[in-house]
Protein chains: 2
Amino acid sequence: MQGVVSTALNGRRRQRTTRQGGLVRDQLAAAEGFRSAQSVFSELRAKGEVVGLSTVYRHLQALADDGEADTLQTPEGESLYRLCGQSSHHHHHLVCRTCGRTVEIEGRGVERWAAQVAEDNGFSEVDHTVELLGVCGTCAAAAAAPGRR
Amino acid sequence: MQGVVSTALNGRRRQRTTRQGGLVRDQLAAAEGFRSAQSVFSELRAKGEVVGLSTVYRHLQALADDGEADTLQTPEGESLYRLCGQSSHHHHHLVCRTCGRTVEIEGRGVERWAAQVAEDNGFSEVDHTVELLGVCGTCAAAAAAPGRR
DNA sequence: TTATAGTCGAGAATCATTATCGGGCACCCG
DNA sequence: CGGGTGCCCGATAATGATTCTCGACTATAA
């Protein structure tokens with residue numbers, strides 16, 4: 001996983017390679033959907049790994065800052081993280097509110113729309129939040145056949 | 001949970017008319033953009049009105065439940081509220097991150113796009129969050145001339 | 001190996017929000 | 001118009017997530 005990082009950190013992360021950092025990253029990689037800092041913490045604890053809560057938060061935020069992880073907020077105000085392939089690639093998510101499965105989606109149309117609306121109203125430096133929350137086909141099917149045994 | 005609430009509530013759940021309820025609503029109405037529960041609370045206090053923090057939260061949520069107020073979350077996890085003309089009217093917001101000024105926007109195109117993406121991925125019952133956060137023309141101009149006196 | 005500086009991590013501190021619960025007041029009934 | 005009933009108010013405690021603090025630790029370079 002982690003190879004030689006050493007000196008030449010050309011735009012790359014500046015953190016030192018540590019056991020804990022790898023654990024947080026691995027735990028996130030093993031998950032299918034978004035996870036909260038709290039759950040990453042307790043899952044690691046459950047696996048017997050001793051890591052500090054602060055450390056989990058630190059690494060999660062570092063990953064997010066580096067663009068290696070995506071982040072979103074639940075309506076309850078909890079932050080969720082998820083490892084993400086490309087750091088330079090802007091995209092949005094379609095998340096299943098039942099199983100947490102996540103589909104990354106591109107929204108060229110939305111980007112354009114957002115930019116247009118912003119311009120029409122004289123706004124600049126506009127950021128946008130676009131998240132879709134629904135029920136995936138699998139979960140919908142499961143919910144539709146409740147009597148099954 | 002709640003049984004019969006006084007007079008016939010024609011689709012509109014009305015709380016008992018109290019001085020405090022009116023204050024919270026008025027304060028929200030007087031504001032130009034979104035306000036946090038905390039700021040509504042301190043503004044009322046500043047005006048000399050004695051209202052409990054819990055009460056502010058209660059009324060703010062009641063307004064949101066009734067669809068009389070819109071709500072959104074800041075990236076810091078604070079909930080903001082704003083009185084809103086139509087309860088049945090679905091729309092989004094373009095908010096100035098400097099002064100809080102808000103423009104309500106309609107996004108027929110976005111709605112369509114969201115529905116399409118959801119369908120393409122087999123998702124149903126899809127809800128979407130779309131918020132635009134930027135800097136309005138006035139604030140941008142102010143920021144561009146920092147040395148001015 | 002040693003020096004050095006970035007990391008750890010447990011617990012305290014913050015902050016917004018929610019729950020509690022005794023006391024008060026609005027509204028209905030007679 | 002006076003009483004009773006139950007919702008509402010509001011100070012305070014509790015909760016829960018996230019951040020801060022700071023001494024101990026350890027990966028790295030020389």
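Computation of the quantities below employed the complete heavy-atom set of this structure, encompassing side-chain atoms and omitting hydrogens, waters and symmetry-equivalent molecules. Residue numbers start from 1 in every chain, and the chains themselves are labelled A, B, ... in the order their sequence lines are given, proteins ahead of strands.
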Practice problem: Scan for ring-ring contact (aromatic ring centres under 6.0 Å, His included) pairs involving residues 118-144 of chain A, sequence neighbours excluded, and state none if there are none. | Solution: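 Output for this query lists A:H90-A:H128, A:H92-A:H128.
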Exercise. Mind checking the CG-OG1 spacing from B:N121 to A:T102? Nearest 0.5 Å is all I need.
Key: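 Between atom CG of B:N121 and atom OG1 of A:T102 there are 11.5 Å.
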Quiz prompt | Side-chain N or O of A:H59 closer than 4.0 Å to phosphate OP1/OP2 of C:dC8 | solution = yes
Quiz item: Can a side chain N or O of B:T18 be found less than 4.0 Å away from OP1 or OP2 on D:dC7?
Solution: no
Practice problem: Determine, stepwise, if the pair B:I105 / A:D120 fulfils side-chain contact (heavy atoms from CB on, under 4.5 Å). | Solution: CA-CA 11 Å; B:I105 50 184; A:D120 288 350; over 6 Å; no
Indicate every side-chain donor-acceptor pair of residues 73-80 of chain B with a distance under 3.5 Å to a residue at least two apart or in another chain.
{"residue": "B:T74", "atom": "OG1", "partner": "B:E76", "partner atom": "N", "Å": "3.3"}
{"residue": "B:T74", "atom": "OG1", "partner": "B:E76", "partner atom": "OE1", "Å": "3.4"}
{"residue": "B:T74", "atom": "OG1", "partner": "B:G77", "partner atom": "N", "Å": "3.4"}
{"residue": "B:T74", "atom": "OG1", "partner": "B:E78", "partner atom": "N", "Å": "3.1"}
{"residue": "B:E78", "atom": "OE2", "partner": "B:S36", "partner atom": "OG", "Å": "3.4"}

Quiz item: Under 3.5 Å, is there an N or O donor on one side and an acceptor on the other linking the side chain of B:R58 and the base of D:dG10?
Solution: yes
Quiz item: Side-chain donor-acceptor pair under 3.5 Å between A:Q61 and A:D65, yes or no?
Solution: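 Looking only at side-chain atoms, A:D65 and A:Q61 do not form any donor-acceptor pair under 3.5 Å.
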Quiz item: Quick one: bend of the helix from C:dT1-D:dA30 to C:dG30-D:dC1 from 5 pairs per end, to 10°?
Solution: 30°
For the pair made of [atom1] in [X] and [atom2] in [N], what is the distance, rounded to whole Å?
X: A:Q20; N: D:dA27; atom1: CD; atom2: C1'; value: 11 Å
X: A:L60; N: C:dC8; atom1: CG; atom2: P; value: 13 Å
X: B:L23; N: D:dC9; atom1: CG; atom2: C1'; value: 12 Å
X: B:R19; N: C:dC25; atom1: CZ; atom2: P; value: 10 Å

Quiz item: Is B:R101 reaching over with its side chain to a backbone N or O of B:G33, donor-acceptor style, under 3.5 angstrom?
Solution: no
Quiz item: Going by heavy atoms in the side chains, are B:Q20 and B:R58 under 4.5 Å from each other?
Solution: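 Contact flag for B:Q20/B:R58 side chains = no.
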Quiz item: Any side-chain heavy-atom pair from A:T18 and A:H59 closer than 4.5 angstrom?
Solution: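 Heavy-atom side-chain distance check passes, below 4.5 Å.
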Extract from the structure each pairing of a protein N or O with an N or O of nucleotides 13-20 of chain D at less than 3.5 Å, listing the distance.
{"residue": "D:dT18", "atom": "OP1", "partner": "A:S79", "partner atom": "N", "Å": "2.7"}
{"residue": "D:dT18", "atom": "OP2", "partner": "A:Y57", "partner atom": "OH", "Å": "2.5"}
{"residue": "D:dT18", "atom": "O5'", "partner": "A:Y57", "partner atom": "OH", "Å": "3.3"}
{"residue": "D:dT19", "atom": "OP1", "partner": "A:Q61", "partner atom": "NE2", "Å": "3.0"}
{"residue": "D:dT19", "atom": "OP2", "partner": "A:Q61", "partner atom": "NE2", "Å": "2.7"}
{"residue": "D:dC20", "atom": "N4", "partner": "A:S54", "partner atom": "OG", "Å": "2.9"}

Self-check item: With sequence neighbours excluded, residues passing side-chain hydrogen bond (donor to acceptor under 3.5 Å, both in side chains) with B:E106
Solution: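 side-chain hydrogen bond (donor to acceptor under 3.5 Å, both in side chains) list for B:E106, sorted by chain: empty.
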Quiz item: Do B:F34 and B:F41 share a hydrophobic cluster, counting only Ile, Leu, Val, Met, Phe, Trp and Tyr and linking them when any side-chain heavy atoms are less than 4.5 Å apart?
Solution: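 Different clusters.
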Quiz item: Hey, can you pull the residues of residues 42-52 of chain A with a non-hydrogen atom under 4.0 angstrom from DNA chain D?
Solution: none
Quiz item: Between A:R25 and A:L63, what is the shortest heavy-atom contact and its length?
Solution: NH1-CD2, 3.6 Å
